[in-house]
**Student:** 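Dumping the structure here so I can ask a few things about it.
For this chain, numbers begin at 1 and follow the sequence in order. Hydrogens, waters and symmetry mates play no part in the numbers below; they use all other heavy atoms, side chains included.
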Amino acid sequence: MSKRVKTSSMTNQADPSPLPICVLDRETRYLAASPSYAKLCGAPLHAVAGKSMLDFCSPELVANARRDFSAFDAGKSIQKHKITFRGRDFLVSVNPVYENMGEAVVAISVALTDVSNARKPETTTNFGAGGFPSSNNEWVGKGIDADERSRLADGDESAKRSETSISQNPREQNRISIQESFARGGSPLGSRITLTALIQTLAVAEYLNFRHAANALGVSQSSISERIKALEDTFGIPLFERHARGVKLTDAGRCFVERVAISVAQLDHAVKTIGMMARGDRGRLRIGVHALIPGSFLTEVIGQYHAQYPDVDVEIAEGTASEVVSQLRAGRLDVAFVAGTPEYPDLHSTCIWTEPLVVALPANHPLVDRNGITWADLAGEAFLVRYGGTGPQVHDHILLRLAGRWLSPSILRLAVERGSLLSMIAQGYGVTIAGSAHTLIRPPGVVFLPFLDEPEPVPFSGVWSPHNRSAVLRNLLDLANQMSRGARTP
């Protein structure tokens, strides 16, 4: 059972200016923003879309947005409340944007009403302006195909009414589409123009015949004729010249149709884009790694992910565990893969895969003819360890294994890349330990041997922020776990 409610604006505002409105994804990036919101941020509109909320807002407001997502996930609604933004007081209305008709909240829309100089705050918001569908959210998460256009262009009175249908269900009460969010501050003609009428106008412009357009959309010819006549009355100028065999666009009609076609195409693209982002088929994924070795498990995972999700931009950052975790905390990475099974109080982590530990020896070393090595065999050896990559973990593991065997293990730490370190080993400067993926490099002059007394393989974990619920990250972790289980299956 739904309840129909008339919407209204402030009693002392006959012609309200467009509200500053923005739409945020789950990573608090701007999916879209109204011109008035961009102006409020002091930036051009193109400089706001796609940027992080932190670029324009305080950390406190970003934290509020994340709590809003958590509240909607829990099925709660958010009451209007006051905030201070850019030195001014605003009344904030926050609403969820759902994927299709499902329960997944993919974004939130935020509308700001300036109450800095108002005698009393606005208590009602115009949710139906612009003629966008107000009783459901059928477009979010999918494109507008021919069947969808036909359904929208039928004689359903819900497409024409100026009231808003609000469900008694608290999860449905704030359910709106991105289009509706921007329609709140719509043009003076917004409340009199429906999207149905615009789509029917495009159909008539394509077929140049009311009957053929009606047949294509599966609606009555009279409904199309009435809506287009209502448009022409609204504009005060004819869009079509009517004659016995059909219609012909007027100059005004041609100008109108060209712009409407562009707008509908952009809307279609926007709806498809957010649907792809909700599914993780599109977006950006920033990955921190210690190294990418051709043929290694991590390289195979990232390669398979790119093949399955070609529209996701993958960015790779290489560094030590502490470096990539710091970038993760700063919001510059989505996930980091590190050696070991670290436990961070503010981050989530899980072991993804393991690798046997091996030792890298010069090809002319006396031990290279053996089938394996023990730690006792390496007594007196000089260990070469990098500062970067997994160097810190390698250093700590050597100290752990050699503790009590001899007083001061010889460990030389070097600020070199992996290739330079292996070259130094080939020249006889020392030895090192590494995960078995390094054996895929096959550097000349270096021999890798397995440890015979290493109790267990080296684990590698994925680490990410608990606030990051993006689908692109979820898809990567699911794929990595799936490939890891497949690798362990005999």
Side-chain angles (χ1 to χ4, degrees), residues 23-32 49-52 69 73 97-108 139-145 178 265-319 324 327-328 331-338 347-353 437 460-489:
V23 180
L24 300 166
D25 66 10
R26 300 196 73 103
E27 299 175 39
T28 63
R29 288 195 302 256
Y30 292 104
L31 290 176
K51 293 299 179 63
S52 170
F69 273 108
D73 289 339
V97 178
Y98 292 84
E99 179 184 10
N100 297 328
M101 293 297 291
E103 296 299 313
V105 178
V106 297
I108 58 173
W139 286 357
V140 177
K142 60 181 180 181
I144 307 173
D145 56 21
I178 290 178
Q266 290 176 338
L267 175 61
D268 191 33
H269 176 72
V271 169
K272 288 178 179 176
T273 298
I274 194 172
M276 293 178 67
M277 294 181 72
R279 296 187 301 271
D281 294 334
R282 186 169 183 170
R284 180 178 61 162
L285 183 62
R286 301 160 300 173
I287 305 173
V289 301
H290 62 277
L292 278 182
I293 299 173
S296 67
F297 175 82
L298 183 56
T299 302
E300 293 295 321
V301 168
I302 295 176
Q304 184 63 32
Y305 179 85
H306 179 64
Q308 290 187 18
Y309 305 97
D311 291 321
V312 175
D313 296 327
V314 177
E315 301 175 8
I316 304 294
E318 186 172 317
V324 295
Q327 293 187 57
L328 187 66
R332 291 190 289 270
L333 290 178
D334 297 301
V335 63
F337 292 100
V338 300
L347 299 172
H348 287 172
S349 65
T350 183
C351 180
I352 303 287
W353 80 99
F460 290 86
S461 301
V463 184
W464 68 96
S465 168
H467 301 296
N468 189 341
R469 300 184 181 182
S470 71
V472 292
L473 171 60
R474 183 180 64 245
N475 291 343
L476 175 69
L477 294 175
D478 288 346
L479 176 63
N481 283 314
Q482 178 184 350
M483 293 180 64
S484 177
R485 289 192 297 268
R488 292 195 298 264
T489 303

**Student:** For Ser461, which residues count as a side-chain hydrogen bond (donor to acceptor under 3.5 Å, both in side chains) partner, sequence neighbours excluded?
**Tutor:**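 Partners of Ser461 by the side-chain hydrogen bond (donor to acceptor under 3.5 Å, both in side chains) criterion come out as none, since no residue qualifies.
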**Student:** Scan residues 265-286 for pairs that pass ring pair (Phe, Tyr, Trp, His ring centres under 6.0 Å), counting only residues two or more places apart or in two chains.
**Tutor:**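 Listed once each, the pairs would be none.
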**Student:** Please name all residues satisfying side chain to side chain contact (heavy atoms under 4.5 Å, CB included) with Val324, sequence neighbours left out, ordered by chain then number.
**Tutor:**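 Here the qualifying residues are Leu333, Ala336, Val338.
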**Student:** For a quick test of reading the model, state the closest non-hydrogen atom pair linking Val301 to Leu479 and the distance between them.
**Tutor:**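 Residues Val301 and Leu479, closest heavy atoms: O-CD2, 3.8 Å.
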**Student:** To the nearest 0.5 Å, what is the distance between NE2 (His348) and NE2 (His467)?
**Tutor:**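 Going from NE2 on His348 over to NE2 on His467, the span is 8.5 Å.
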**Student:** Hey, what do you get for CD (Glu318) to CD1 (Ile287), rounding to the nearest 0.5 Å?
**Tutor:**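 One gets 13.0 Å once the value is rounded to the nearest 0.5 Å.
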**Student:** Kindly write out the residues that satisfy side-chain hydrogen bond (donor to acceptor under 3.5 Å, both in side chains) with Asn475, not counting sequence neighbours, or none if the list is empty.
**Tutor:**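 Scan of Asn475 (side-chain hydrogen bond (donor to acceptor under 3.5 Å, both in side chains), adjacent residues dropped) gives none.
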**Student:** Please report the interatomic distance CD(Gln482) to CD(Gln304), rounded to the nearest 0.5 Å.
**Tutor:**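 Gln482 CD to Gln304 CD: 8.5 Å, rounded to 0.5 Å.
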**Student:** Please report the shortest heavy-atom distance between Ala107 and Leu31, naming the atom on each side.
**Tutor:**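 Looking at all heavy atoms of both residues, the shortest contact is CB-CD1, 3.9 Å.
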**Student:** Is Ile352 close to Met483 at the side-chain level, that is, under 4.5 Å between some pair of heavy atoms?
**Tutor:**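 They are not in contact (no side-chain heavy atoms under 4.5 Å apart), so the answer is no.
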**Student:** What is the distance from atom CH2 of Trp464 to atom CG of Leu347, rounded to the nearest 0.5 Å?
**Tutor:**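 Here the interatomic distance stands at 10.0 Å.
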**Student:** Checking Ser52 now: which residues fulfil side-chain hydrogen bond (donor to acceptor under 3.5 Å, both in side chains) with it, not counting sequence neighbours?
**Tutor:**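 If we apply the side-chain hydrogen bond (donor to acceptor under 3.5 Å, both in side chains) test to Ser52, skipping adjacent residues, there are no hits.
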**Student:** Does anything in residues 288-302 form a salt bridge (charged side-chain N to carboxylate O under 4.0 Å, His left out)? List the pairs, not counting sequence neighbours.
**Tutor:**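 Of all non-adjacent pairs touching residues 288-302, none passes salt bridge (charged side-chain N to carboxylate O under 4.0 Å, His left out).
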**Student:** Can you name the ring pair (Phe, Tyr, Trp, His ring centres under 6.0 Å) partners of Phe69, sequence neighbours left out?
**Tutor:**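 Ring pair (Phe, Tyr, Trp, His ring centres under 6.0 Å) check on Phe69 returns nothing, list empty.
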**Student:** CD1/Ile302 to CG/Leu292 distance, rounded to the nearest 0.5 angstrom?
**Tutor:**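 Here the rounded value is 4.5 Å.
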**Student:** Who passes side chain to side chain contact (heavy atoms under 4.5 Å, CB included) against Thr28, sequence neighbours left out?
**Tutor:**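 Side chain to side chain contact (heavy atoms under 4.5 Å, CB included) check on Thr28 returns Met53, Val62, Ala65, Arg66.
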**Student:** Could you tabulate the donor-acceptor pairs under 3.5 Å formed by side-chain atoms of residues 305-316, not counting sequence neighbours?
**Tutor:**
unit_1 : atom_1 : unit_2 : atom_2 : d
Tyr305 : OH     : Val472 : O      : 3.2

**Student:** Apply salt bridge (charged side-chain N to carboxylate O under 4.0 Å, His left out) to Arg286 and list each qualifying residue two or more places apart in sequence or on a separate chain.
**Tutor:**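 If we apply the salt bridge (charged side-chain N to carboxylate O under 4.0 Å, His left out) test to Arg286, skipping adjacent residues, the hits are Asp334.
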**Student:** By side chain to side chain contact (heavy atoms under 4.5 Å, CB included), which residues pair with Ala437, not counting sequence neighbours?
**Tutor:**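 Per chain and number, Ala437 pairs via side chain to side chain contact (heavy atoms under 4.5 Å, CB included) with Ile293, Ser296, Glu355.
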**Student:** Taking the side chain as every heavy atom from C-beta outward, state whether Leu24 and Tyr30 have any pair of such atoms under 4.5 Å apart.
**Tutor:**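 Sidechains of Tyr30 and Leu24: in contact.
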**Student:** Which heavy atom in Glu27 sits nearest to a heavy atom in Ser470, and how many Å separate them?
**Tutor:**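 Minimum heavy-atom separation between Glu27 and Ser470: OE2-CB, 2.8 Å.
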**Student:** Identify the two heavy atoms, one from Ser484 and one from Trp353, that lie closest to each other, and give their separation to 0.1 Å.
**Tutor:**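 Looks like OG-CA, 4.1 Å.
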**Student:** Can you tell me how far the CG atom of Asp25 sits from the CZ atom of Arg469, to the nearest 0.5 Å?
**Tutor:**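 One finds 13.5 Å between CG of Asp25 and CZ of Arg469.
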